[in-house]
There are 2 protein chains.
Amino acid sequence: MDMIEAAPNPVTAVMRALADPTRRAVFERVFDSKEISVAELTRGSGVTQGAISQHLKSLKQAGLVAERAEGRNVYYRAAPQGLEPLVTWMDHYGVFWRERFQNLRDLLKEIDS
Amino acid sequence: MDMIEAAPNPVTAVMRALADPTRRAVFERVFDSKEISVAELTRGSGVTQGAISQHLKSLKQAGLVAERAEGRNVYYRAAPQGLEPLVTWMDHYGVFWRERFQNLRDLLKEIDS
DNA sequence: TCCATCAATTAGCAATTACTAATGCATTAG
DNA sequence: CTAATGCATTAGTAATTGCTAATTGATGGA
């Protein structure tokens, strides 16, 4: 068992994990469910159960999901804090505030009227 | 010349473009400069000019940079709107508001005191 | 004019990736 | 107990990726 893994930048890890459409779809489904089993995730995913398990492993390593075993099922749930590196990165590049402040302004205007 | 390219999801395109650390570093440097030439970008990048050009091509295709030719130089600048797909995606998954509202709350508290 | 510089493109390569099929190990059902 | 189910892991694969070295074409300076 080779635990040494030369941890890449968290931003890189998260981006890489979400860059693949299949894997991102898995994350989205996990996110949308409170909890979801591997079998359920496999259904209608278009790939095999093995592939799903592999994607879940990647997502877990990126800190984007967590799991809970129960009986022969393993239930996965999203770990939204895992997205923090992305938020921070984008924040640093100023995208949020510009866009969001506009939204906030609109919101306040609505409340005012 | 093969212009057909089977355009992937914009989110996938942007994520893929930014997932590679070297390429992301290029984007960051372009972003931090108003404009920057390929030669300048190559300096201290650790890779060859050819590699930089390839990365710029990817970034351009993802809508993250734009360029302007002048003489024998080509100056690149960031296209922050290119990040929109990412913002939208994350927004949909609710990350912003939670985090940012907290910040906003802190900010307002500060102003109050 | 001749030479240096800038940048894009190409071929070739090693490494990585996403997948399947198969296997093994638990756990539950009959 | 036996069979079926859920999941992880592995070996093997085809495709993709990121890089270099080299080439080409254009522009600018001496």
Side-chain angles (χ1 to χ4, degrees), chain A residues 1-9 12-27 29-30 33 35-62 64-77, chain B residues 1-9 12-27 29-30 33 35-62 64-77:
Chain A
M1 237 198 276
D2 201 352
M3 283 300 180
I4 313 140
E5 192 55 34
N9 185 309
T12 304
V14 175
M15 290 261 195
R16 264 222 269 269
L18 297 172
D20 180 72
T22 312
R23 188 162 46 236
R24 193 171 62 252
V26 170
F27 174 76
R29 275 185 80 189
V30 172
S33 331
E35 273 195 335
I36 186 166
S37 70
V38 179
E40 179 97 13
L41 278 170
T42 303
R43 258 189 262 300
S45 70
V47 298
T48 62
Q49 175 266 314
I52 294 293
S53 276
Q54 287 167 23
H55 284 310
L56 287 168
K57 187 176 182 179
S58 297
L59 291 169
K60 185 180 164 188
Q61 285 179 137
L64 290 167
V65 301
E67 94 270 45
R68 173 182 71 88
E70 179 182 316
R72 55 185 174 185
N73 295 330
V74 176
Y75 295 98
Y76 282 83
R77 62 185 177 283
Chain B
M1 237 197 278
D2 200 353
M3 282 300 180
I4 314 140
E5 191 55 36
N9 186 307
T12 304
V14 175
M15 290 263 195
R16 263 222 268 271
L18 296 173
D20 180 73
T22 312
R23 188 161 48 236
R24 192 171 63 251
V26 169
F27 173 76
R29 274 185 78 189
V30 171
S33 331
E35 273 196 334
I36 186 167
S37 70
V38 179
E40 179 95 11
L41 277 171
T42 303
R43 257 190 262 299
S45 71
V47 296
T48 62
Q49 176 265 315
I52 294 293
S53 276
Q54 288 167 23
H55 284 310
L56 287 168
K57 188 176 182 178
S58 297
L59 291 170
K60 185 181 164 187
Q61 285 179 130
L64 291 167
V65 301
E67 93 269 47
R68 172 182 71 86
E70 180 182 315
R72 55 185 174 183
N73 294 330
V74 176
Y75 294 97
Y76 281 83
R77 62 185 175 284

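Below, read A as the first sequence line, B as the second, and so on, with proteins coming before strands; counting in each chain starts at 1. We use all heavy atoms of the structure for the numbers below, so side chains are in, but hydrogens, waters and symmetry mates are not.
- A salt bridge does not link B/Arg77 with B/Glu67: every distance from a Lys NZ or Arg NE/NH1/NH2 to an Asp or Glu carboxylate oxygen is 4.0 Å or more.
- Protein atom CZ of B/Phe27 is 20 Å distant from nucleotide atom C1' of D/dG18, rounded to whole Å.
- Between D/dT5 and A/Asn73, no contact under 4.0 Å exists linking OP1 or OP2 to a side-chain N or O.
- Using modelled atom types, no side-chain atom of A/Ser33 and backbone atom of A/Glu35 make a donor-acceptor pair closer than 3.5 Å.
- Counting only heavy atoms from C-beta outward, the side chains of A/Thr42 and A/Thr48 never approach each other to under 4.5 Å.
- Put simply, A/Ser53 has no side-chain N or O that comes within less than 4.0 Å of OP1 or OP2 on D/dC7.
- With C/dT20, C/dT9, D/dA8 as the choices, the nucleotide that has an atom nearest any side-chain atom of A/Val47 turns out to be C/dT20.
- Residue contacts shown for A/Ala51 include a base, since a base heavy atom lies under 4.0 Å away.
- Nearest nucleotide to the side chain of B/Val74, out of C/dC19, D/dG6, C/dA8: C/dA8.
- In this structure, A/Ser37 reaches the sugar-phosphate backbone alone: every heavy-atom distance under 4.0 Å involves primed, P, OP1 or OP2 atoms, never a base.
- Distances were taken from every side-chain heavy atom of B/Gln49 (C-beta onward) to each of D/dC7, C/dA7, D/dT20; the shortest belongs to C/dA7.
- In plain terms, the two heavy atoms of B/Ala62 and B/Ala13 that are nearest each other are CB-O, 4.0 Å.
- In this structure, the nucleotide among C/dA7, C/dT9, D/dT20 sitting nearest to the side chain of B/Thr48 is D/dT20.
- Taking atom CZ on B/Arg43 and atom P on C/dT5, their separation rounds to 11 Å, with Å as the unit.
- Proximity of a side-chain donor or acceptor of B/Arg23 to a complementary backbone N or O of B/Arg16 within less than 3.5 Å is detected.
- Phosphate contact (OP1/OP2 of D/dA8, side-chain N/O of A/Tyr76, threshold under 4.0 Å): present.
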Distances under 3.5 Å between protein N/O atoms and the N/O atoms of nucleotides 24-30 of chain D, please, pair by pair.
| from | atom 1 | to | atom 2 | distance (Å) |
| --- | --- | --- | --- | --- |
| D/dT27 | O2 | B/Arg72 | NH1 | 3.4 |

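- The distance from atom CD of A/Glu35 to atom P of D/dG6 is 17 Å, rounded to the nearest whole Å.
- Looking at every heavy atom in both residues, A/Ser45 comes nearest to A/Leu41 through CB-O, 3.3 Å.
- Closest to the side chain of A/Thr22, out of C/dC19, D/dA8, C/dA8, is C/dC19.
- Rounded to whole Å, atom C1' of D/dT9 lies 8 Å from atom CD of A/Gln54.
- Distance from the side chain of A/Arg16 is smallest to C/dT17 among C/dT17, D/dA8, D/dT20.
- In terms of modelled atom types and a separation under 3.5 Å, the side chain of B/Arg29 and the main chain of B/Glu40 share a donor-acceptor contact.
- The side chain of B/His55 lies closest to D/dC19 when the candidates are D/dC7, C/dT9, D/dC19.
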